[in-house]
Protein chains: 2
Amino acid sequence: MAERRPNPISGENLLFLTDEQLRKGIEAMFFAYRGFTADPDRILEQHGYGRAHHRALHFINRTHGTTVNNLLALLGVTKQSLNRVLRTLIADGLVESRVGRTDRRERNLFLTEEGRKLERALSEAQRERMRSAYRAAGPQAVAGFRQVLEAMMDDEIRHQYASLRDRRS
Amino acid sequence: MAERRPNPISGENLLFLTDEQLRKGIEAMFFAYRGFTADPDRILEQHGYGRAHHRALHFINRTHGTTVNNLLALLGVTKQSLNRVLRTLIADGLVESRVGRTDRRERNLFLTEEGRKLERALSEAQRERMRSAYRAAGPQAVAGFRQVLEAMMDDEIRHQYASLRDRRS
DNA sequence: TTGGAATGTCAACAAGGCTGACATAAACTA
DNA sequence: TAGTTTATGTCAGCCTTGTTGACATTCCAA
């Protein structure tokens, strides 16, 4: 999948692995992430929510009926942190928590119509930025972008990402 | 610079701009950023510092003698937030603050030997993850990665990134 | 029936954002 | 020179979102 190109000079081109190149990548990652979150942040602020709420909405939307434990693993936070966020989302009528059918200890989480509405607004703002970046960089760059990001994840997360990746929304 | 490939089917390949593709990119960005910060975070914890300290150390190291105002613009936080972090770094002897030569209202910031030592440890941990990701993905993917990230930044930040990008460390 | 798993809740705390107000010194300007 | 602006620092207080620890409830499964 990852296309390695032999270097006519030294057998393999390693110039892209210098500390200078790596530093540029690190700074690009830092600055780009700021842009990545900027648009949803503005919308969230109008609703009195934070990034944690966005993340919860996103993954509940992605995996309808997911359990709290499942969500914890995806988000990488403690249940207390997530619970605080979920509580407000449920109280505000954006998320519905249903007792599990087969295992009634579990709670299955769903977005309400209002929750879907906010999720779409957040998601569309973020997609618009991504779309513009993708269009500017072109398909080949996008493929490389995804490859590097995937290689940068922790192993365990990469597996979760991969199983999520190939679902329908 | 960005290589666009004509699509034999519709004149231009736009498959990479579907909502599905964009969503995958969004999730990849989220998960990758977690990995990106994981290694420095572990080191910082041992010293009782947080990410904010890492960012300050990084950019002071990058732009020796920078002023507080300059740093504020790069980090995108308020002076009160930055000041809290700087105060501890100065008190702990990692950062030195010298009165400006030409304008004595300004403070020029430098890393001490100890500051450089910690910065190197943090930086090396982060570079190691980046190096491994770059190596796995290959030079062409890395170029695409950088292109997409740059296109994702806010305009103002992109200019700062660019002027920083081409400096020597 | 009992142990453990899944979930929720309460309390307390910390980092690191934010705003507003105010102080000081230095530089600039009319 | 007098007044204003700029750069910085600091105090107080607030918010979000992360943490740990303790404890209750529910209920599956051995």
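Both backbone and side-chain heavy atoms feed into the values below; hydrogens, waters and symmetry mates do not.
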Would you say D:dT17 has OP1 or OP2 under 4.0 Å from some side-chain N or O of A:H53?
-> yes
Nearest listed nucleotide, side chain of A:V77, among C:dG16, C:dA6, D:dT19 | D:dT19
Taking D:dC28, D:dT8, C:dG17 as options, the one with an atom nearest any side-chain atom of B:R107 is D:dT8
Rounded to the nearest Å, what distance is computed from the CD atom of residue B:E106 to the P atom of nucleotide C:dC28?
-> 10 Å
Cation-pi check, B:R158 onto A:F31 ring (under 6.0 Å, within 45° of axis) | no
Measure the distance from CG on A:D41 to P on D:dC15 and round it to the nearest whole Å.
-> 19 Å
Pair B:E27, A:H58: side-chain N/O donor-acceptor within cut-off below 3.5 Å | yes
Expressed in angstrom and rounded to an integer, what is the separation of B:R104 atom CZ from D:dT5 atom P?
-> 23 Å
Take atom CG of B:L89 and atom C1' of C:dG16, then tell me their distance rounded to the nearest Å.
-> 13 Å
Figure out the CD/C1' separation between A:Q80 and C:dG8, and round it to whole Å.
-> 9 Å
Upstream residue (5' side of DNA chain D) when B:D103 and A:R51 are each assigned their closest nucleotide = B:D103
Selected nucleotide, minimal atom distance to A:V68 side chain, candidates C:dG8, C:dG17, D:dC27 | C:dG8
Residue whose nearest DNA chain C nucleotide is more 5′ - A:S97 or A:R84 | A:S97
Would you kindly give the CZ-to-C1' distance between A:R105 and C:dG3, to the nearest whole Å?
-> 12 Å
Any side-chain N or O of A:N83 under 4.0 Å from OP1/OP2 of C:dT7?
-> no
Whole angstrom value for the distance that separates C1' of C:dG17 from CZ of A:R34 | 13 Å
Candidate nucleotides D:dT5, D:dC28, C:dC18, ranked by approach to the side chain of B:T78 - the nearest = C:dC18
Ignoring the backbone of B:A52, work out which of D:dT8, C:dG17, C:dT7 is nearest its side chain.
-> C:dG17
Value rounded to 0.5 Å, distance of CD1 in A:I26 from CG in B:L122 | 10.5 Å
If you round to the nearest 0.5 Å, how far is CD of B:E124 from CZ of B:R127?
-> 4.5 Å
Quickly work out the B:K79 NZ to D:dT6 P distance and round it to whole Å.
-> 13 Å
Consider the side chain of B:R87, meaning its heavy atoms from C-beta on, and name the nucleotide among C:dG16, D:dC11, C:dT19 that approaches it most closely.
-> D:dC11
Find which nucleotide of DNA chain D each of A:T102 and A:G76 is nearest to by heavy atoms, and output the residue with the more 5' nucleotide.
-> A:G76
Closest non-hydrogen contact found for A:G25 with B:Y134 is CA-OH, 3.3 Å
Using only side-chain N and O atoms of B:N69, determine if any of them is under 4.0 Å from OP1 or OP2 of D:dT8.
-> yes
Would you say a side-chain N or O of A:T67 is under 4.0 Å from OP1 or OP2 of C:dA6?
-> no
Distance col, row B:L22:CG vs A:E128:CD, nearest 0.5 angstrom, shows 9.0 Å
